[in-house]
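The block underneath contains the structure these notes are about, expressed in structure tokens.
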Amino acid sequence: YVGNQINPLAAGILSGIPISIPSMLLIDGKEAQKKFIFAATILVTFLALITGLCWLLLVHFNYSAKDSVAISFTTWCVGAFIYYLIIRKKNK
């Protein structure tokens with residue numbers, strides 16, 4: 001809505017609200033908080049890279065918006081799942 005009605009730049013800034021930082025307050029225990037914020041840091045970094053991929057596909061390779069989003073989102077889902085499996089295996 002913000003991107004269409006107000007300003008795409010403002011919408012991009014709003015989409016970057018760091019929800020994981022205040023969410024950490026909902027996690028019980030210092031050790032669990034440390035694990036949570038570390039995992040969030042890794043995934044937010046990965047998300048930044050995937051967002052860059054989406055931009056690259058849209059702007060430099062001239063993919064459609066739907067294809068750019070589909071490829072980027074699928075890449076994020078696969079990467080997040082692999083990361084989950086790696087962390088889960090480490091914690092066993």
Side-chain angles (χ1 to χ4, degrees):
Y1 175 82
V2 173
N4 287 324
Q5 301 299 320
I6 300 171
N7 184 316
L9 177 60
I13 291 169
L14 284 175
S15 73
I17 292 173
I19 193 68
S20 59
I21 294 171
S23 295
M24 186 181 66
L25 299 173
L26 301 173
I27 306 296
D28 292 330
K30 187 78 164 185
E31 287 307 310
Q33 289 173 338
K34 288 178 182 180
K35 288 179 182 178
F36 169 82
I37 203 65
F38 177 76
T41 300
I42 297 297
L43 285 172
V44 168
T45 302
F46 184 57
L47 177 59
L49 294 172
I50 295 303
T51 303
L53 171 65
C54 188
W55 169 79
L56 195 67
L57 293 171
L58 183 70
V59 174
H60 288 286
F61 293 106
N62 216 21
Y63 279 63
S64 70
K66 286 182 182 180
D67 288 344
S68 297
V69 168
I71 292 167
S72 301
F73 189 75
T74 301
T75 303
W76 183 88
C77 289
V78 170
F81 182 69
I82 291 169
Y83 177 69
Y84 170 77
L85 293 176
I86 291 168
I87 295 301
R88 192 167 159 225
K89 188 174 181 177
K90 272 186 169 182
N91 289 335
K92 281 188 177 183

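Each residue takes its place number in the sequence, starting with 1.
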When clusters are formed by joining ILVMFWY residues with side-chain heavy atoms under 4.5 Å apart, either directly or through shared neighbours, do Ile71 and Phe61 land in the same one?
yes

Quick one: pull up CD1 in Ile27 and NZ in Lys35 and give me the separation to the nearest 0.5 Å.
12.0 Å

If you measure from OG1 on Thr75 to CG on Leu49, what distance do you get to the nearest 0.5 Å?
11.5 Å

At what distance, to the nearest 0.5 angstrom, does CG of Leu43 lie from CD1 of Ile50?
10.5 Å

Answer yes or no: is there a side-chain heavy-atom contact under 4.5 Å between Val2 and Asn7?
no

For Pro22 and Ile19, the nearest pair of non-hydrogen atoms, with its separation, is CD-O, 3.4 Å

Val78 with Ile86, same ILVMFWY side-chain cluster at under 4.5 Å
yes

State plainly whether one hydrophobic cluster holds both Trp76 and Val69, where clusters connect Ile, Leu, Val, Met, Phe, Trp and Tyr through side-chain heavy atoms under 4.5 angstrom apart.
no

In this structure, would Ile37 and Ile42 fall into the same cluster of hydrophobic residues linked by side-chain contacts under 4.5 Å?
no

Show every salt bridge (charged side-chain N to carboxylate O under 4.0 Å, His left out) that has at least one partner inside residues 21-32, sequence neighbours left out.
Glu31-Lys34

Evaluate the side-chain proximity of Tyr83 to Phe46: yes if any heavy-atom separation is below 4.5 Å, no if none is.
no

Taking the hydrophobic residues Ile, Leu, Val, Met, Phe, Trp and Tyr, and joining any pair whose side-chain heavy atoms are under 4.5 Å apart, which ones share a cluster with Leu85?
Phe81, Tyr84

Among Leu58, Leu53, Thr51, which one satisfies side-chain contact (heavy atoms from CB on, under 4.5 Å) with Ser72?
Leu53

Taking the side chain as everything from C-beta on, heavy atoms only, tell me whether Ser23 gets closer than 4.5 Å to Phe36.
yes

